[in-house]
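Each remark here refers to the structure printed beneath this line.
Just so you know, these numbers use all the heavy atoms, side chains as well, and skip hydrogens, waters and symmetry mates.
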Amino acid sequence: MTRPLLIAPSILAADFARLGEEVRAIDEAGADWIHIDVMDGHFVPNISFGTPVMEGIRGVTKKPFDVHLMIAPVDRYLEAFAKAGADIITVHAEAGPHLDRSLQAIRALGKRAGVSLNPATPVSVLKHVLDRLDLILVMSVNPGFGGQSFIPAMLGKISEVREMVRGRNIDIEVDGGITRANAGDAVRAGANVLVAGSAIFKAKDYAAEIRAIRTAAVSVDV
Ligand code: DX5
Ligand code: ZN
């Protein structure tokens with residue numbers, strides 16, 4: 001099953017003093033999803049923002065909010081993120097004692113459910129929850145910060161995920177250190193959703209950068 005290629009700029013790299021304008025700019029520049037990185041200073045060694053910020057930008061764009069929760073324990077916050085305008089809610093495999101329960105809760109809120117795998121987390125954690133999944137997010141850096149380098153060993157992991165979900169209606173997203181130089185490798189390995197923070201927001205022309213990443217990715221023969 002060939003899935004559409006989607007580009008999801010991470011607003012973690014945006015200018016927070018002008019966040020509304022930044023979100024509008026990436027929407028107009030051709031972003032497919034808006035990737036929203038929520039960090040709690042506990043599950044990851046950094047704090048970003050929470051539901052009030054999401055609510056503040058929800059009115060700026062109609063694009064889906066792809067919410068990446070790097071928080072633990074996560075279950076008690078799922079409803080708040082659903083109400084704040086999330087379309088996809090992704091939790092880390094280690095973010096609660098009961099991954100299956102977290103995924104059921106996300107779908108019960110009417111949202112698409114994702115699981116994120118840290119670089120050292122094995123693909124096998126997904127095996128028994130595949131029926132509850134809409135998205136798998138393969139971290140290609142250790143979560144917590146933007147601007148890190150892509151870990152090449154994650155390409156093999158993306159391929160493993162692709163084999164595991166073959167024939168299912170599940171997106172494979174890659175997050176961390178994505179640039180026009182490695183977007184093709186990620187798609188060749190099996191990803192169809194590319195998150196990019198620094199690469200897009202550090203560029204002068206967001207539309208040109210999104211186009212360059214998309215072109216690098218679609219020129220791949222999969
Ligand atoms: C890292 C976040 C990523 C990150 C991507 O914890 O999940 O979404 O912000 O940023 P870049 O593209 O700069 O690696
Ligand atoms: Zn992310």
Side-chain angles (χ1 to χ4, degrees), residues 1-10 32-33 35-38 43-44 64 66-70 72 74 86-96 98-107 111-144 148-179 181-197 199 213-214 216-222:
M1 192 187 308
T2 311
R3 308 188 63 80
L5 174 76
L6 303 173
I7 310 291
S10 163
D32 296 297
W33 291 354
H35 186 79
I36 299 189
D37 286 308
V38 180
F43 182 70
V44 290
D66 171 32
V67 179
H68 177 191
L69 296 180
M70 287 162 271
V74 70
D87 295 283
I88 302 133
I89 299 180
T90 296
V91 300
H92 273 258
E94 297 88 351
H98 307 292
L99 178 60
D100 184 273
R101 176 179 287 142
S102 304
L103 297 172
Q104 287 194 52
I106 295 168
R107 283 200 171 160
K111 307 301 173 186
R112 280 181 269 165
V115 171
S116 179
L117 305 178
N118 285 329
T121 304
V123 173
S124 57
V125 299
L126 303 170
K127 189 173 166 197
H128 302 288
V129 294
L130 288 175
D131 290 342
R132 306 212 188 279
L133 280 181
D134 301 293
L135 176 141
I136 295 162
L137 192 171
V138 176
M139 288 302 306
S140 41
V141 299
N142 286 289
Q148 304 179 78
S149 301
F150 183 87
I151 300 172
M154 295 304 108
L155 292 172
K157 188 188 222 175
I158 294 168
S159 307
E160 239 185 273
V161 170
R162 175 167 58 180
E163 283 314 307
M164 188 179 259
V165 306
R166 204 172 273 290
R168 290 177 181 265
N169 190 18
I170 296 176
D171 285 307
I172 303 177
E173 181 171 40
V174 58
D175 183 8
I178 291 290
T179 64
N182 57 26
D185 293 337
V187 169
R188 200 173 297 115
N192 73 292
V193 185
L194 304 177
V195 176
I213 293 171
R214 205 187 288 283
V218 295
S219 56
V220 166
D221 190 22
V222 278

*Working to the nearest 0.5 Å, report the span between CE of M164 and NZ of K127.*
7.0 Å
_Heavy-atom check, side chain of L126 versus side chain of L117, under 4.5 Å_ = yes
_Would you compute the distance between atom CG of L69 and atom CD1 of I89 and round it to the nearest 0.5 angstrom?_
6.5 Å
*Is there a side-chain contact between V195 and I178, using heavy atoms and a 4.5 Å cut-off?*
no
*What distance separates I172 CD1 from N192 CG, expressed to the nearest 0.5 Å?*
6.5 Å
*Is the closest side-chain heavy-atom distance between N118 and F43 below 4.5 Å?*
yes
_Can you tell whether the side chains of E163 and R166 come within less than 4.0 Å, N to carboxylate O?_
yes
_By the definition side chain to side chain contact (heavy atoms under 4.5 Å, CB included), identify the one residue from L103, D134, T90 that meets it with V115._
L103
*Working to the nearest 0.5 Å, report the span between CG of L6 and NE2 of H35.*
13.0 Å
_More than 12 heavy atoms from other groups under 6.0 Å of CZ on R101_ = no
*asked:* Is the ring pair H92/H68 parallel, tilted or perpendicular, if the boundaries are 30 and 60 degrees?
replied: parallel
*asked:* In the structure I gave you, are the side-chain heavy atoms of R3 and N169 within less than 4.5 Å of one another anywhere?
replied: yes
*asked:* Any carboxylate oxygen within less than 4.0 angstrom of a Lys/Arg side-chain nitrogen, looking at D32 and R214?
replied: yes
*Do R168 and D131 meet the salt-bridge criterion of a basic N to acidic O distance under 4.0 Å?*
yes
_I88 and its side chain to side chain contact (heavy atoms under 4.5 Å, CB included) partner, picked from D171, I106, V67, D66_ = D66
*Can you tell if the side chain of L155 reaches within under 4.5 Å of the side chain of V174, non-hydrogen atoms only?*
no
